[in-house]
Amino acid sequence: MNMKKVIVISDSFKGSLESAQAAAIAADCFARYYPGCQVIGLPVADGGEGTVDCFLEAAGGERVVVPVTGPWDEPVEAAYARIGDTAVVEMAAAAGLPMAGDRLDPSRTTTWGVGLLLRHAVEHGAKKLILGLGGSATNDGGCGCAAAVGVKFYDAAGNEFRPVGATLGDIARIDVSEAQALLRGVSVEVMCDIDNPLCGDRGAAAIFGPQKGADPAMVASLDAGLAHMARAVQRELGLQVAELPGAGAAGGFGAGAVAFLGAVLRPGIEVVLDMVGFDGLLDGCDLVLTGEGRIDGQSLSGKVPVGVARRARRKNVPVIALVGVLGDGVEAVYQEGITAVFNTNRFGRPFEEIRARTPQDYRSALEDILRLLKAFR
């Protein structure tokens, strides 16, 4: 099999192999087995920490550093990517869980700084905002962000305030006119790879609250606050966001982004593929190499290999997935355009044993694949 053009677009193997590492290893392997082959490496972002850097590496552009505030309203510097008239913002840069340190309290933390990043981007010419949700320390339903771009929240006494998790239940009136004016002519896409609703047993507070520091009593309080916010949004804005798939992402920011920013929630891989012009890159391509830490029957929902394969299938380009772990139901991915799946953990060792050697194992497994392909040239 002759190789003239290959695209490498793998998700990270969480905690053991970064997306850019996989692309670099693959480029080296293909250069040795197929000299002269054009290898296009596209790092993948999932919306969390590192999203801005991945977009800058994949699509070029400028890193813009802005003084904003963190989850506890303390001054911080955060960066977003400016790529033409598109701005890529990761909420983790201004409201990330690591920024909270040992002060874990999602009833008090805020997404205000995320809104300041979005406002700066729009005021400096952005016509499209890509917002990555992931790794948040917050549970304010995105209200802090909304307030920073001009949404006004009022309590029952008519006092304006900025809601946090503990005060979502105080929202009585919402005025989005100033924010709509700021965002007029601006599209907002949100990278969201979970389908959790806003409230309930699978909601933002119940599923993600404990890792942010919420005990059972706080989880119940936060959940009630988010439910109240959803009712206020329906009454004031005529939007139903509580059951929207992804509404519960990042402490309810998924719901808030739709309600207050007019955003569209999309799987992160779809946003990435559109941004880098993936469909056009497939022209003349002989093979796509993708992968992630684990692939199984659940990978049909928004995961990188399946999102990549669905696009490649339209142009009849074969796709190989090189992954860390194969799970139950993996056969379902073949119906989505993946040609074959291979495992890097060839000796079946526990993750903690092979974690440090994942880059070496990735290289070894890929070389075996390339040896096989070379045999059929």
Side-chain angles (χ1 to χ4, degrees), residues 47-48 71-73 91-92 94-97 99-100 102-115 131-147 151 153-156 161-174 176 190-261 263 265 301-302:
W72 283 100
D73 267 339
M91 75 164 300
L97 188 59
M99 300 177 73
D102 57 3
R103 295 180 295 167
L104 297 179
D105 185 352
S107 72
R108 297 293 175 186
T109 47
T110 181
T111 55
W112 171 262
V114 183
L131 174 61
L133 300 187
S136 75
T138 55
N139 200 101
D140 70 351
C143 289
C145 171
V151 176
F153 298 91
Y154 299 91
D155 62 20
F161 74 110
R162 188 209 307 171
V164 291
T167 59
L168 290 172
D170 295 335
I171 299 173
R173 188 165 65 87
I174 306 170
V176 297
V190 172
M191 299 174 70
C192 178
D193 287 341
I194 65 170
D195 61 1
N196 300 71
L198 185 62
C199 312
D201 293 342
R202 294 186 59 249
I207 300 299
F208 306 108
Q211 70 193 42
K212 303 175 187 182
D215 60 20
M218 185 184 292
V219 166
S221 175
L222 292 172
D223 189 67
L226 290 169
H228 176 89
M229 182 192 84
R231 290 191 295 271
V233 166
Q234 184 172 355
R235 182 185 66 249
E236 297 288 301
L237 307 179
L239 298 172
Q240 296 184 359
V241 296
E243 299 300 322
L244 189 70
F253 204 156
V258 172
F260 309 129
L261 307 179
L265 306 184
S301 177

Indicate yes or no: at least one non-hydrogen side-chain atom of [X] is less than 4.5 angstrom from one of [Y].
| X | Y | result |
| --- | --- | --- |
| Ile194 | Phe208 | yes |
| Phe253 | Thr138 | no |
| Leu97 | Leu104 | yes |
| His228 | Leu168 | no |
| Asp140 | Pro163 | no |

Review point. Between Ser136 and Lys212, does any side-chain donor sit less than 3.5 Å from a side-chain acceptor?
Key: yes
Is a side-chain donor or acceptor of [X] paired with a backbone partner of [Y] at a separation under 3.5 angstrom?
| X | Y | value |
| --- | --- | --- |
| Trp72 | Arg103 | yes |
| Asp223 | Gly200 | yes |
| Thr109 | Ala137 | yes |

Straight-line distance of [X] [atom1] to [Y] [atom2], nearest 0.5 Å:
| X | Y | atom1 | atom2 | result |
| --- | --- | --- | --- | --- |
| Arg202 | Asn196 | CZ | CG | 4.5 Å |
| Leu261 | Cys145 | CG | SG | 5.0 Å |
| Asp155 | Thr167 | CG | OG1 | 9.5 Å |

Tell me the closest heavy-atom pair linking [X] and [Y], and the distance in Å.
| X | Y | value |
| --- | --- | --- |
| Gly134 | Ala92 | O-CB, 3.7 Å |
| Ala206 | Pro210 | O-CD, 3.6 Å |
| Met229 | Ala255 | CE-CB, 4.3 Å |
| Ala94 | Gly113 | CB-C, 3.6 Å |
| Phe153 | Cys143 | CE1-O, 3.6 Å |
| Val219 | Ala214 | CG2-CB, 3.8 Å |

Check your understanding: Counting only heavy atoms not in Asp215, do more than 12 sit closer than 6.0 Å to its CG atom?
Key ->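 For Asp215, atom CG is crowded (more than 12 foreign heavy atoms under 6.0 Å).
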Exercise for review: Show your working on side-chain contact (heavy atoms from CB on, under 4.5 Å) between Val190 and Val258 and close with a plain yes or no.
Suggested key: CA-CA 9 Å; Val190 172; Val258 172; over 6 Å; no
Would you tabulate the side-chain donor-acceptor contacts of residues 231-249 under 3.5 Å, counting partners in other chains and residues two or more places apart, or write 'none'?
| from | atom 1 | to | atom 2 | distance (Å) |
| --- | --- | --- | --- | --- |
| Arg235 | NH2 | Ala172 | O | 2.9 |
| Glu236 | OE1 | Ile174 | N | 3.3 |

